A.B. asks: 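Sharing a structure with you now.
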Amino acid sequence: MLVLGFQGSPRKKGNTSFLLSSFMQAAESLGAQTRTIEVAQKNIIPCKEYIVCEKKGFCPIDDDIKTEIYPLIRQAEVVVLASPIFFYNMTAQLKAVVDRCQTFWARKYKLKLTDPAKKTKRGFFLSVGATKGQNLFEGFQLTVQYFFDAIDARFEGGLTYRNIEGPKDMARHPTVLADVEKKASDLIKPLLDRKKILFACRENACRSQMASAIAQYLAGDKLEVLNGGSQPADKVNPDMVKVMHEKGIDMGFRSPQRIEDAISRITPEIIVTMGCAEECPYVPGARMLDWDLPDPAGKPLNFMRQTRDEIENRVKNLIKELI
Ligand SMILES: Cc1cc2nc3c(=O)[nH]c(=O)nc-3n(C[C@H](O)[C@H](O)[C@H](O)COP(=O)(O)O)c2cc1C
């Protein structure tokens, strides 16, 4: 379960950095996996309004957003935006990230695709400002709310601190550590208690991708879903993406990975194999299920559709049995 944090201040060891890293430490100590993006250190080009995303669902600009940040936003189940207030909003560096997420907005509202993690994805913000103004965080919050809607995350509010100016002011705040620990626990604990299930196949390009996305889409609030392959392909199968998009489930920004990597930090309680039973690593105590489904790669599109529907039926039955 990934918690992804964006540190939006250009000041490396300032207040926002302290606030976000305290939150991430609390999340890790609860058992979550965390990743922090130092936004000012990244190569992020502001949106150029090419509008390719609204027609094709992807952004043609080649930078860290495309190669690193889109896939991480998709993978994360908790996304945290952290920024100091600069003129009553987030910093320009963080706003550039938000604007480039128009790609997610377009996939959702123009292409009518749904993130398979929609049931669980949560968004939360952290902010500091120097003054005591009553409306200090309103501009940031409004932008954040629309951002979280675009990435299909449920808005979970924020922690905000006024009267914070010098770079060490946040660290001296009397309640900050207790505040972030409470917020991290409220947000993350329910997600860590889910049953863990791994879907595996050989290439992690078709069958296990479809099964994991369908399971997450239908029951992500009850199941933590992993996927992997014994011999991962370079990219997911475009026909698989097409037939899943026919069902409205967004398979964008996914890449095949090794089974060992999928389970390196989380031990699944159930493992469903599809054509890789002999090559699947032994996980003590895990219940093993082998679904005998032929590989649809390279076969006609209709065969991919039949495989998708068969997987959907099997996933639905499994969910009924498990929860
Ligand atoms: C360009 C700029 C604009 C700012 N605008 C505001 C503002 O509108 N309201 C406010 O209360 N503080 C404002 N500040 C102060 C910062 O929000 C404050 O110093 C904060 O603690 C910096 O956090 P950091 O250490 O994480 O960078 C501004 C600072 C800068 C550099």
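From a predicted model like this one, the values you see are computed outputs, not experimental measurements.
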A.B. asks: Between Arg107, Lys118, Lys119, which is the residue that forms a salt bridge (Lys or Arg N to Asp or Glu O under 4.0 Å) with Asp152?
C.D. replies: Lys118

A.B. asks: Do you know which two heavy atoms are closest between Gly228 and Ser208, and how far apart they sit?
C.D. replies: O-OG, 3.6 Å

A.B. asks: We want to know whether Gln145 and Gln141 form a side-chain donor-acceptor pair, criterion being a heavy-atom distance below 3.5 angstrom.
C.D. replies: yes

A.B. asks: Any side-chain donor paired with an acceptor under 3.5 Å for Thr91 and Arg11?
C.D. replies: no

A.B. asks: Answer yes or no: are there more than 12 heavy-atom neighbours, outside Lys55 itself, under 6.0 Å from its atom NZ?
C.D. replies: no

A.B. asks: Would you say Ser17 and Gln7 are linked by a side-chain donor-acceptor pair, where the criterion is simply a distance under 3.5 Å?
C.D. replies: no

A.B. asks: Could you work out the complete set of other residues in the hydrophobic cluster of Ile271, with links drawn between I, L, V, M, F, W and Y side chains under 4.5 Å apart?
C.D. replies: Leu198, Leu226, Ile259, Ile263, Ile266, Val283, Met288

A.B. asks: Please check if any side-chain donor atom of Gln102 sits under 3.5 Å from a side-chain acceptor atom of Glu49, or the reverse.
C.D. replies: no

A.B. asks: Just checking, is any N or O donor in the side chain of Asp290 or Thr273 under 3.5 Å from an acceptor N or O on the other one?
C.D. replies: yes

A.B. asks: Mind checking whether Phe253 and Phe104 have ring centres under 6.0 Å apart?
C.D. replies: yes

A.B. asks: Between Arg74 and Asp250, does any NZ, NE, NH1 or NH2 come within less than 4.0 Å of an OD or OE carboxylate oxygen?
C.D. replies: yes

A.B. asks: Could you check whether Tyr70 and Thr103, counting side-chain N and O atoms only, form a donor-acceptor pair closer than 3.5 Å?
C.D. replies: yes

A.B. asks: Do the side-chain N and O atoms of Glu224 and Gln216 include a donor-acceptor pair separated by under 3.5 angstrom?
C.D. replies: no

A.B. asks: Ring-plane angle category for Phe125 and Phe140, please: parallel below 30°, perpendicular beyond 60°, tilted otherwise.
C.D. replies: perpendicular

A.B. asks: Let me know which of Asn15, Asp169, Asp179 forms a side-chain hydrogen bond (donor to acceptor under 3.5 Å, both in side chains) with Tyr161.
C.D. replies: Asp179

A.B. asks: Looking at residues at least two apart in the chain, or sitting in another chain, which of them share a ring pair (Phe, Tyr, Trp, His ring centres under 6.0 Å) with Phe124?
C.D. replies: Phe23

A.B. asks: Got a sec, which residues hit side-chain hydrogen bond (donor to acceptor under 3.5 Å, both in side chains) with Lys95, two or more places apart in sequence or on another chain?
C.D. replies: Asp99

A.B. asks: Under 3.5 Å, is there a donor-acceptor pair between the Arg314 and Asn317 side chains?
C.D. replies: no

